[in-house]
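Below is the structure I would like to discuss, written out as structure tokens.
Each chain gets a letter, A, B and so on, in the order its sequence line appears, and its residues count up from 1. Values below: all heavy atoms of this structure, side chains included; hydrogens, waters and symmetry mates excluded.
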2 protein chains.
Amino acid sequence: MERSKILVVDDESRMRKLLNDFLTRSNFTVLEAGDGEEALDMFFDDKEIALIILDVMMPKMDGYEVCRTIRKYSQVPIIMLTAKSSERDELQGFDLGIDEYVTKPFSPKLLVARVEAILRRSRASQADVVEVGGIRMDRAAHQVYIDGEPVELSYKEFELLEYFMDNQGIALSREKILNNVWNYDYFGDARTIDTHVKKLRSKMGDKGEYIKTIWGMGYKFDAGV
Amino acid sequence: MERSKILVVDDESRMRKLLNDFLTRSNFTVLEAGDGEEALDMFFDDKEIALIILDVMMPKMDGYEVCRTIRKYSQVPIIMLTAKSSERDELQGFDLGIDEYVTKPFSPKLLVARVEAILRRSRASQADVVEVGGIRMDRAAHQVYIDGEPVELSYKEFELLEYFMDNQGIALSREKILNNVWNYDYFGDARTIDTHVKKLRSKMGDKGEYIKTIWGMGYKFDAGV
DNA sequence: GAGATATGTTCACATAACTTTCACAAGGAA
DNA sequence: TTCCTTGTGAAAGTTATGTGAACATATCTC
């Protein structure tokens, strides 16, 4: 997977540095903007920005304003940083097309998890139907076919398979799977993944072998093509 | 591998000198700070600090405080020095993002080993695919290919080969291998390395010869290219 | 809102895979 | 040769994963 470019907009440089650090560590490329105007300039200059993290409270042009302007031209995912949850409630009243709200102070780890989840979603919607090694995944219909036959998968099973198919050939640790397929607020047993993998494999028949176990590490989807 | 810069923070100058000595000998560049404020100044002045060793008990600003401040802006690895293990337990209750705890008195040798292990971890994610002399190592897929054919390696075997390939042409003592490939809390027989080397060699076929024995010393990976 | 149904999670145990140790063989150094 | 290090195969020990069932939670139906 290529490195996605993320634009961080905040007037406080410390906050920008913090986010930059964490996101860079998580393998994203980060651009920083110190105010709304700069943010708009950077966004319209660089067509490859995959996601924007936007502080609400900024001098001159606030996050709300920046968001409205961008939304006139683009559906790029936007995460809003708000200082109080009351701000958040207020904003949610308007339909600004904001993908997530994160209230300060937040755990950077959590933010990264949300960023990954959103990007996954927005990447997913690019190709609605994918077919690999006899497995056809129709995201719009939320339906999977194996050798042309429809297979009944539960919601989680579908999402798990989707994540596997989006990351073919890549070794995925349980932690990573949890972060991307489960909600960020799930803190249960990672072994639940094993159970889901078991069900997935059995529902997939002989294609179940595509889900390889990487002992001591996690799982990997590999259709061998 | 370039010399990594390490910041040692302790109010006792004897302790700083001791650490400085050992780390310098192990080929690190060392900066010293005598208190928390100085530490913060040095850290934010010098963007190249790769790791911080931090004493908990210090006058004015304690290690706990320093850590929290740094964590607001940076994910640099931090090793905490604690006087009693009770302190350690207490600290672990908070999620400060500390990478390691070392309880005084400690063996400097052990500390150096931990430093190396942590730095290796944080460096590891640089090049995802490496190929040398017909051996292709795909870290993302956690898979090794020899002459294009996939080879099944266990977790430890993979890590061992990874370490060898990251240190091509360098003679590696068993001690060093243990410190870097095994966990620091492994105190078993170093001969387990021999067994793993044997398995690796046999799984690598004629490429097994790349792992040379350095009699009386250890091993070396050398693809002769 | 109660009961039924489907889905998701946890648990305990079986199984499989891996790691370490051991004992002895083989090989290099003095 | 003699001492010490390394190679090797197999046994013993350890840990991770597979699996079925119980339990919990959410969803649907009436």
Check: D:dG18 base within 3.5 Å donor-acceptor of A:Arg201 side chain
no
OP1 or OP2 of D:dG7 sitting under 4.0 Å from any side-chain N/O of B:Arg191?
no
Indicate, yes or no, whether a donor-acceptor pair under 3.5 Å links the base of D:dT19 to the side chain of A:Thr195.
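Check fails, no donor-acceptor contact within cut-off.
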Among D:dT15, D:dT8, C:dT20, which nucleotide sits nearest the side chain of A:Trp215?
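For A:Trp215, the side-chain atoms sit closest to D:dT15.
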At under 4.0 Å between heavy atoms, what does A:Lys199 touch on the DNA or RNA strands: base, sugar-phosphate, or nothing?
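No contact at all - A:Lys199 keeps every heavy atom at 4.0 Å or more from the nucleic acid.
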Check the distance between C:dC11's P and A:Asp189's CG and give it to me in whole angstrom.
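One finds 7 Å between P of C:dC11 and CG of A:Asp189, rounded.
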Does the side chain of B:Thr213 get closer than 4.0 angstrom to OP1 or OP2 of D:dG7 through an N or O atom?
yes
CD/A:Glu131: more than 12 non-hydrogen atoms of other groups inside 6.0 Å:
yes
What integer distance in Å separates B:His142:NE2 from C:dC18:C1'?
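Checked: the NE2 to C1' distance equals 14 Å.
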Correct closest heavy-atom pair for B:Lys203 and B:Leu153 would be CD-CD2, 3.7 Å
How many Å lie between CZ on B:Phe187 and P on C:dT20, as a whole number?
14 Å
Begin from the C-alpha positions of B:Asp194 and B:Lys198 and carry the test salt bridge (Lys or Arg N to Asp or Glu O under 4.0 Å) through to its verdict.
CA-CA 6 Å; B:Asp194 299 36; B:Lys198 180 192 67 169; over 6 Å; no
For a quick test of reading the model: is some side-chain N or O of B:Arg174 closer than 4.0 Å to OP1 or OP2 of D:dT5?
no
Tell me: NZ of B:Lys198 to P of D:dG7, nearest whole Å?
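From B:Lys198 NZ to D:dG7 P: 11 Å.
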Phosphate-side-chain proximity, B:Ser154 and C:dT19, N/O vs OP1/OP2 below 4.0 Å:
yes
Could you tell me the separation between the CD1 atom of B:Ile193 and the C1' atom of D:dT6, rounded to a whole number of Å?
12 Å
Of B:Gly188 and B:Lys203, whose closest DNA chain C nucleotide lies nearer the 5' terminus?
B:Lys203
Can you tell me if B:Ser202 uses its side chain to pair, donor with acceptor, with the backbone of B:Lys199 under 3.5 Å?
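Between the backbone of B:Lys199 and the side chain of B:Ser202 there is a qualifying donor-acceptor contact (under 3.5 Å).
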Taking only side-chain N and O atoms of A:Trp182, does any of them lie within less than 4.0 angstrom of OP1 or OP2 on C:dT9?
yes
Please state how far atom NE2 in B:His196 lies from atom C1' in D:dG7, giving the value in whole angstrom units.
15 Å
Using whole Å, report how far CE of A:Met217 lies from C1' of C:dA16.
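A:Met217 atom CE is separated from C:dA16 atom C1' by 20 Å.
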Please determine, for the side chain of A:Tyr155, which listed nucleotide (C:dG8, C:dA12, D:dT6) has the closest atom?
C:dG8
B:Lys156 side chain to B:His196 main-chain N or O, any donor-acceptor pair under 3.5 Å?
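Not a single qualifying donor-acceptor pair exists.
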Nearest to the side chain of A:Tyr219, which nucleotide is it out of C:dT10, C:dT20, D:dG18?
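Looking only at side-chain atoms, A:Tyr219 lies closest to D:dG18.
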Could you tell me how far apart A:Lys156 (NZ) and D:dA26 (C1') are, to the nearest whole angstrom?
11 Å
